[in-house]
Structure formats: C-alpha cells, structure tokens
There are 2 protein chains.
Amino acid sequence: MRKPATPSNHNPTALLRTHGLRVTPQRLAVAELVFSKPMHVTARIVHEQIRQNHPAISMNTVYLTLGQFEACGLLKRFEVHGNIVFDSNTSPHDHACCNRCGTIIDLDSSPSASSKHTVQLPTQLKPWQIEGERRIWMGLCPDCSSESVL
Amino acid sequence: MRKPATPSNHNPTALLRTHGLRVTPQRLAVAELVFSKPMHVTARIVHEQIRQNHPAISMNTVYLTLGQFEACGLLKRFEVHGNIVFDSNTSPHDHACCNRCGTIIDLDSSPSASSKHTVQLPTQLKPWQIEGERRIWMGLCPDCSSESVL
DNA sequence: CCACTAGATAGGATAAATTCCTATAAAGGA
DNA sequence: TCCTTTATAGGAATTTATCCTATCTAGTGG
C-alpha cells in the first residue's frame, strides 16, 4: 500500500503546488482547514480558526486566499442570509440552510443534480452563456423545528 | 365595465390597507413603483427612484418599507452578487443573472416551477420545515455574451 | 548556499450596505 | 379636533469586503 502519486486533498502542499500557488504558512493553514473535510465556511470563520495558530493572519489574506482557491476550482462560493459562504465540496449539489441556527447542509441527491449531473437548461437561457447554477432551500432544520414547537 | 371591488395591484392605497399598513406618502410612492409591473429592485434603486419626487425620503424608510412588503408577502427577497434584491413577482419562479451587466430575468417555465408548481422536496429535507427555495442561474446574457466575443 | 524577483502578507484606509437609535412628525381612530 | 400608535428622517454604529502600500518571503537561478 503506497500513497498514490497524484496529489490529493490530504496533502495540502502538493495541492497548492498543483494549482500554481506558492506554499506559504498562511495558505497551508487555510488549505488544511477547508480541505480536511467537506465544509461550509465564511471568511470570518476561517479567520477565527486560523488565528488560533497564526495570531497575525489578516482578514485580507483570508479573503485573497479563499478567492484564489475559488479561482482554482478548489472552492465554490454561494450566498445565504447576506453572507458569502465557501464550500469545499465542489461537485454539483444544492444546499439547505436553517433560518434560525444557520446550519447549512449539502443535498447530495437533489433533483437538479440527478440524471447524471446534467441539469436541464431552461429554454429561455438558450441564448445565454451560463456558467453555473445555485439552488438553496430555506427553512428550519429538524432541531430548530422541534424547538419552535415547544 | 366596472372596476372590480377586490383591491388590486393597480390601487396601491387599497393594497396597503388590505395588508394593515398605514398609508403614508412614502409607502405609496414605493408601492406605486414596485407594484406597477414585475421588477427586481434593490433598496438603493428604490431610494434613487423615489427621491425624484420625495427628495427627503431616507434609506431607513426604504429598508423598512421593503421589509414590511416582504413580511406581507407582497415582495420576495433573494440575493445575487452580494446584493439583496426584491422581486414583485411573488409566484414561484427561478432567476438568471448576468455576471457582467447585472440584468436579472425571471424564468417562467423553469424545471423547478413546472409540474403544477409542485417542486419535489429532496428526501433529506423531509424532517425539515421548509419555507422556500431559491434557484439562480449565472452567466452572461445574450448582449454581454456577444460583446465578449468581439 | 546566496541573492534576486515576483508574488504574498499585514495593517490601515476606504467603501458600501444595512441596522440601530431617537426625536419629531403624521396617520387614523375616538 | 384630540390622542395614541406608528412612521419617518437623520445620524451613529456595525458589518463586510475591497483597496492601497510598505514590508516580507517563497522559489528560482546563479
């Protein structure tokens, strides 16, 4: 059992190099955080987390780094409740967000992701040059839903 | 041919009264603007428009008014490119937004709005209390698409 | 192993959007 | 017309994100 030669998400250094990004301590820290598992983070959350080990890291660096990861296709950006959220799951999928606690979950078997990931383009958009599509469900998660009954 | 007795969008005063809102010049002006036809507006756009006839109207009033209209179900809110957009078409439909010029169009015959407006709820969301769903397509509109080729 | 250069970082300034606060003004009912 | 409740304007405060710039450093070539 050897490690595969292809760079994987488990090797942040290789991941950065593969995408032509210089390997800096700050970028490594962000990469280790966001690529450790599928997650949804805002710039603020990343900053708070990274600061525990890199007290001097600036919000500017966090914004730039997340933006670069997005440009490389390593992250996808969407908006919910006025916040920009970065998703380390870059495969096509929809989201649901709890209006009360803010929890965001991935919808893996969403209708729009079914049929071999081929989302049908609405007729009206034929003359458009579509780059992407975002769908988000909003409401109360099971926990908050039961609490609101009490 | 008499006017129907039911309050309609063509009678802003009645519309406000029906929804328990006091009729003020500011609210009337906003209502006349946003309910004159289906449109997508931000608070800033509404403020700029209304100020032509109500030079003293404040952003605060615009935000409050739009928020109240939304709470009454007269407007629907969604987000695109970091902006909050209010839509006077409150029936279920998707949107497309041009990444270059910012144009937003309604998708009337979208897949998610088809089949009698009954959008299929993903299995994962059965234990949720879903209040709504938003879908937006992003890319270049026909005009900007052709310009980018030149 | 060192020096050089393009690119990265920190920190502050700036900008834009939204909410909060409060005194004043006005709508609508008595 | 008076009175109570609610709306409004204006400014302060907050939040989020971008811009700017001097300093620093990763990676490269010597």
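Just so we're on the same page: letters track the sequence lines, and every chain starts at 1.
Here C/dA17 presents its C1' atom at 17 Å from NE2 of B/H81, a figure rounded to the nearest Å. Remark: C1' of D/dT25 and CG of A/L21 are 16 Å apart, rounded to the nearest angstrom. Between the CG atom of A/L64 and the P atom of D/dC20 there is a distance of 13 Å, given to the nearest Å. We find that NE2 of A/H19 is positioned 19 Å from C1' of C/dA8, with the value rounded to whole Å. Straight-line distance from the CG atom of A/N83 to the P atom of C/dA17: 16 Å, rounded to whole Å. The distance from atom CG of A/L28 to atom C1' of C/dT9 is 15 Å, rounded to the nearest whole Å. As a whole-Å value, the separation of A/Y63 OH from C/dG11 P is 16 Å. C/dT18 atom C1' lies 14 Å from atom CZ of B/R44, rounded to whole Å.
Remark: A/T61 is in phosphate contact with C/dA10, judged by side-chain N or O atoms under 4.0 Å from OP1 or OP2. Distances shorter than 4.0 Å separate some side-chain N or O of B/T24 from OP1 or OP2 on D/dT8. Phosphate proximity of D/dA26 to A/R27: absent, as no side-chain N or O sits under 4.0 Å from OP1 or OP2. Side-chain N/O atoms of A/R17 include none lying less than 4.0 angstrom from OP1 or OP2 on D/dA26. A sub-4.0 Å separation between OP1 or OP2 of C/dA26 and a side-chain N or O of B/Q26 is absent.
Comparing B/P25 and B/M59 by the nucleotide of DNA chain C that holds the closest heavy atom to each, the one mapping nearer the 5' end is B/M59. Residue order along DNA chain C, read from the 5' end via each residue's closest nucleotide, puts A/N60 first among A/N60 and B/I84.
At a cut-off of 3.5 angstrom, the base of D/dT5 holds at least one donor-acceptor pair with the side chain of B/R22.
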